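It should be emphasised that the depicted structure is a prediction, and the values quoted were computed from it without experimental measurement.
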Amino acid sequence: MDRHALHQPSSSSSIPATANTVWADASSLLEAACKDLRDGELIHGENFNLYAAMSALEIMDPKMDSGIVNRYCSFDEAIEDGVAPVPISSDKTTDVQCMIDIMDHLLTCEATWHKGHSLAQTVFSCAYLLRPERTSSHALLHSYCKVIRATCKAVITVVSDARTHEEEDLFTMAYGLPLSGDGDEKCLSLLNAVEENISRQLRACKAPSSKRKPLEDIEPLQTNSDLEEGYCKALLCRLRFRKVLSCVFSKMRAVHFFHVLTCMRRPQGRGLELARKHIASCISELGIILKSAEFLMSNAYGTCEDGTEDRTTASGHQAIGFDASLNSRISAPTPPRSIKILSWKKAIEYFEKLLHDLDIICSYPLDPSLEVLLRFVAQFQKAQPDLVARAHLQLLLVQDGKLYGRCPMFSLIIRAARLPEVFLHHDIQKNEYVVQLGQLVINMLKILCTNAAWQRRKLGKILQDWRVIYVQIELAFRKEFGEGSSVSNGENASARILKHILIWVEEQTYWISHRFLVLGFELELYSPSEYCMVYWYLYVVLIRLAEKTHLKMTLSDGSAKQKGKKRKDSPKDLARDTRIPPAILFLQCQICLAEGLTLLLAALRNELMVLQSPSPFNSEHERFIQHFELLQKACIPDNISYPSFKESTSCARFSTLVMYNYFKDAQKIAKEVRNGFSNDPDRLAELRLLEQVAEHNSIALNVICQVGALDPSLKVSFEFIHHPCFATVVVKRS
């Protein structure tokens with residue numbers, strides 16, 4: 001047992017002795033108990049029970065006992081021990097080197113915090129941040145710490161407002177840390193002044209010898225003139241990453257991370273173009289920071305950290321002023337986590353990706369079309385953005401109960417249902433169920449901005465809400481207008497709006513169901529033995545989605561044509577009417593792939609007896625319920641159950657598959673529909689992936705049919721090498 005870990009009683013103890021309490025050394029008692037206790041045993045009183053055991057703390061366990069890893073009983077004790085000296089060093093060169101190391105380590109701590117760890121054990125493991133008044137004599141350190149605190153506060157505000165912090169409960173917990181200090185609102189102006197001084201020093205050391213005399217009054221940054229330029233540049237790029245320097249008249253670029261967050265917080269999308277300029281500048285400064293590593297490593301002081309891959313500073317030297325145990329006692333209600341701080345290079349990579357994700361958000365044209373918006377969010381999520389980027393996306397999309405803070409939900413629904421804009425201000429928007437529908441759309445948009453696991457869970461739960469609102473609107477429609485209402489020229493406007501909305505609600509419900517199933521592939525929730533039932537369910541949902549989408553388009557196009565309808569339609573118009581829209585063909589391509597994979601998997605099970613892995617814990621029926629219970633509860637689709645799945649797949653045979661190759665149909669549709677998405681690069685890219693899957697699977701099907709039954713060494717596997725949802729069939733000989 002480590003006696004040093006048990007702090008002896010002293011006047012500096014966090015719990016001082018009083019007239020009624022006396023400190024006693026329990027080390028000998030604990031040592032004696034350890035000798036008598038066997039593994040799994042514990043000392044407890046007579047009233048100790050299982051509930052108490054669940055909340056008990058195990059003494060001397062680093063994961064449970066927050067005091068075991070503490071080097072200091074208090075912050076003052078750490079300061080007295082020289083943990084965070086001010087000034088950092090009496091030698092100016094060493095002081096500058098240490099300051100750069102502090103900046104770099106703070107960057108790695110911030111990236112680690114963004115990844116979901118505690119703020120107290122990452123960014124605020126820096127002792128300089130805990131007592132802002134201590135750094136006031138060091139202008140550079142003082143101003144930089146102020147910006148760090150302001151940045152942390154801005155990020156916490158964004159994530160809290162977006163309420164995505166439910167994914168990471170610890171992210172927004174400040175534990176009473178000093179996020180705000182006196183004068184923090186002036187942090188950028190203070191940093192501006194510091195940057196201006198360093199810029200003058202850089203200009204002075206770069207000036208020719210003939211021009212240096214007028215600049216002699218400028219005090220150098222440090223004592224070694226040969227290193228002056230390198231250290232000035234290293235400091236400037238780090239400062240510029242953190243702050244804004246907006247000087248229009250001198251045409252200087254404003255560059256910093258803090259201002260990117262500020263610009264993106266402006267309501268109704270204002271400031272996005274300015275934010276993009278700052279983002280581009282931030283990325284540029286990160287590149288300069290990365291290049292400064294060679295200079296800093298070659299001139300590092302003292303001993304460096306072991307291993308270049310895990311170092312948390314550019315120089316490789318351990319930063320001064322950090323102790324992760326300083327805040328371990330205020331990290332309740334959870335025991336302190338074991339945290340591995342990201343390396344400096346990993347932190348740079350994280351911020352580059354974060355800035356790239358924010359740039360994608362800022363570049364979105366704020367299209368009022370829900371269909372376009374949903375595709376954008378789904379495409380954005382494929383890059384697996386982190387919490388901070390997704391929080392910004394959500395706040396951009398939903399502000400004050402409106403899309404982008406300016407488009408009411410009713411107008412969004414009217415456009416999504418493909419109704420004329422003349423209905424945008426119709427009084428039906430005050431209808432109770434229409435108001436509820438608008439709130440469902442808001443909830444859906446917020447859910448789509450969460451991480452994949454949280455998103456799938458929430459989407460499955462809101463399906464019932466969408467189903468209920470459909471039934472309520474349908475009942476209200478029948479009660480108000482009767483069973484036989486049809487869209488016609490003289491029809492009541494309210495009836496027409498509700499009829500379009502009903503079709504759109506059904507379509508949107510199936511879109512959510514499709515998203516729910518697809519996310520299961522991204523999260524790797526399905527085993528190969530379950531692919532057959534998953535693709536079958538996906539096939540059924542896609543068919544319903546295509547039907548509802550086509551019905552919505554047909555109803556909308558029919559209503560539009562009635563206004564200027566000719567007495568007699570020409571054959572050319574009739575031919576045009578029979579064309580299937582590209583959006584439907586896109587779904588049809590996926591339907592063919594899903595059906596082809598379902599029947600191929602079923603045939604492999606029925607004829608070759610492969611992909612049959614009965615579980616000792618549950619049956620196939622039980623797994624069907626586990627995967628699709630939320631869809632079944634919402635009756636999506638109607639009359640779909642496990643028996644209907646078995647009935648659809650029990651007769652699948654390779655002879656039938658060869659006669660009607662669904663993969664060839666998918667390949668043909670993918671080629672034909674390309675022209676319809678010439679202005680949509682994301683759709684074109686996915687069509688190419690679908691075409692590749694169809695082509696490979698068509699070839700694999702032929703190989704299996706020709707030699708599968710005759711060659712027992714043939715092994716069939718399913719890999720997601722082309723598309724994240726539709727598997728590619730791989731045939732090999734063992």
Polar side-chain atom of [X] near backbone of [Y] as donor-acceptor pair, under 3.5 Å:
X    : Y    : result
R149 : C152 : no
T313 : G316 : yes
T112 : L342 : yes
E686 : D682 : no
T450 : I447 : yes
Q394 : A162 : yes
N224 : D226 : yes
T151 : V147 : yes
S199 : E195 : yes

Return the set of residues passing side-chain hydrogen bond (donor to acceptor under 3.5 Å, both in side chains) with [X] (not counting sequence neighbours), or none when no residue passes.
X    : answer
E522 : none
E228 : Q222
K291 : none
E371 : R375

By salt bridge (Lys or Arg N to Asp or Glu O under 4.0 Å) - contacts of [X] (at least two apart):
X    : result
D76  : R131
K233 : E229
R683 : none
R238 : D104

Ring geometry between F351 and H114 (parallel below 30°, tilted from 30 to 60°, perpendicular above 60°):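 Aromatic pair H114/F351 classed tilted.
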Using distance alone, with no hydrogens and no angle criterion, decide if [X] and [Y] have a side-chain donor and acceptor under 3.5 Å apart.
X    : Y    : answer
S343 : D310 : no
Q455 : R515 : yes
Y350 : E110 : no
Q439 : N443 : yes
H138 : D95  : yes

Could I get the full list of ring-ring contact (aromatic ring centres under 6.0 Å, His included) partners for [X], not counting sequence neighbours?
X    : value
F124 : none
F322 : H105
F376 : Y364

Above 12 or not: heavy atoms from other molecules or residues under 6.0 Å from [atom1] of [X]?
X    : atom1 : value
Q384 : CD    : no
E133 : CD    : yes
K353 : NZ    : yes

If you look only at distance, which donor and acceptor atoms sit under 3.5 Å apart when one is on a side chain in residues 80-90 and the other is two or more places apart or in another chain?
from : atom 1 : to  : atom 2 : distance (Å)
D81  : OD2    : Y72 : OH     : 2.5
S89  : OG     : D91 : N      : 3.2

